[in-house]
Amino acid sequence: MAITLSESEQESLLEFSIQVAKEAGAVILQGSKSIRQELGGSSGIDSKKNSVDLVTEWDVKVEEIVRNAVKEKYPDFGFIGEESYSKGLRPELTDDPTFCVDPIDGTTNFVHGFPFACISIGVIYQRTPLIGVIFNPFLDQLFSALKGHGAFLNLTTRLPLSPPSPLSSLSSALIGVEWGHDRTKELVDKKANSFSRLAGDPAFGVAGGKMAHSMRSVGSAACNYALVASGGLDLYWEIGCWPWDVCAGIVIAQESGGFASGGPHVNHDGDVTEEILHGRKYIVVRAIADTPGESGREAQKRIVKEFYETVEDWDPK
Ligand code: IPD
């Protein structure tokens, strides 16, 4: 029989996830010190798909910590983790609560000491993200949300950090983008063309250029979602991430009033579906103020439409 969660059980699950994220955060900090003290900084660092898709012994260690804590407290819940998934542990998603965890999102940053790396703990329930906890121990920032209860920074500060403003078009947006791990010519060209159209000046030769205010790459999908939820980024887009990179961020962004969706052919309004979660194409737009004649949600959808008319689309490998 499917497991059902009452309101108070959902709240305890959030508290548990926050507790585990804090414990994991302490280990991440310890790992970061240790990895940077080691000779050349490269011992204990491995690569998965290629030389830029890094994994460290700390990713594995942190996932173990989270998995064991979950096993002890919630033995019947599902568990999808980045590291175990890459070793072939790939449970089917059911209606039961399922943890969806990236032990260190932003592993490259973790290795380099660039302070945007975090643990990302999501819980999927009835096939849609229910809980999101993102903890960046380098900046001591904890983002958390339970569906229907708002999103918070460090437990007490509501997100977004200031009241949402309107967003007239991409030309006034600050956009989060990433290079990702796939560096084949085909994909690097598609990304570069997309970035060029987002940034370029149409009056000076960039056909279809939007001349956005600028673009940022912080190197962690989860941190990008947290930045959109905070209001610092207007939107974030990436093709090629996995559910554990985005699951927690989706809840936090949605609960801050943001609009989280998938690729250009996805048409949805409410909950993020399994298709979006597993679709490996993600977009999220910050909360936008209602204006006379256009609701914030309509504005978010307008921005998504303008975005997808500007960038290229491809299927991740
Ligand atoms: C990666 C980061 C990166 C994004 C990649 C992700 P990882 O996660 O979020 O910003 O561009 O698509 O896979 O490998 O650091 O856990």
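None of the values given here were measured: they were computed from a predicted structure. Indexing begins at 1, ligand by ligand and atom by atom, following the structure's order.
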Handout entry: Note: Glu63-Lys87 ion pair, threshold 4.0 Å (strictly below)
Key = no

Problem - Atom indices of ligand 1 within 4.0 angstrom of Glu82 heavy atoms, with elements - result: 14 (O), 16 (O)

Exercise for the section: With atom 12 (O) of ligand 1 as the reference point, say which of His181, Glu238, Arg280, Glu178 has the nearest heavy atom. Expected result: Glu238

Exercise for the section: Would you check if the distance from the ring center of Tyr308 to the ring center of His265 is below 6.0 Å? Expected result: no

Practice task
Compute the ring centroids of Phe143 and Tyr225, then answer whether they are less than 6.0 Å apart.
Solution key: no

Problem - Lys/Arg N to Asp/Glu carboxylate O, Arg127 vs Asp271, below 4.0 Å - result: no

Fill in the blank from the handout: Asp102 heavy atoms within 4.0 Å reach ligand 1 at atoms 16 (O)

Completion exercise
Per-atom filter on ligand 1: closer than 4.0 angstrom to a heavy atom of Gly106 are 7 (P), 15 (O), 16 (O)

Exercise for the section: Answer yes or no: does atom CD of Glu9 have more than 12 heavy-atom neighbours from other residues, nucleotides or ligands under 6.0 Å? Expected result: yes

Problem - Interfacing atoms of ligand 1 (cut-off 4.0 Å, heavy-atom, Gly180) - result: 11 (O)

Practice task
Answer yes when Lys305 and Glu309 have at least one side-chain N-carboxylate O distance shorter than 4.0 Å, and no when they do not.
Solution key: yes

Exercise for the section: Please state which part of Ser220 comes within less than 4.0 Å of ligand 1, counting heavy atoms only: side chain, backbone, both or neither. Expected result: backbone

Problem - Arg297 bridged to Asp269 by N-O distance under 4.0 Å - result: yes

Exercise for the section: Could you list the atoms of ligand 1 found under 4.0 angstrom from a heavy atom of Ala221? Expected result: 2 (C), 9 (O), 10 (O)

Exercise for the section: Using distance alone, decide if ligand 1 has a nitrogen or oxygen within less than 3.5 Å of any nitrogen or oxygen in Gly240. Expected result: no

Practice task
Kindly indicate, with the supporting measurements, whether the criterion side-chain hydrogen bond (donor to acceptor under 3.5 Å, both in side chains) is fulfilled by Thr107 and Asp59.
Solution key: CA-CA 8 Å; Thr107 304; Asp59 295 68; 2.9 Å; yes

Completion exercise
Of Asp105, Asp182, Val177, Ile239, the residue with the heavy atom nearest atom 2 (C) of ligand 1 is Asp105

Handout entry: For Cys241, the ligand 1 atoms whose distance to one of its heavy atoms is below 4.0 Å
Key = 12 (O)

Exercise for the section: Could you tell me whether ligand 1 has any atom less than 4.0 Å away from a heavy atom of Ile104? Expected result: yes

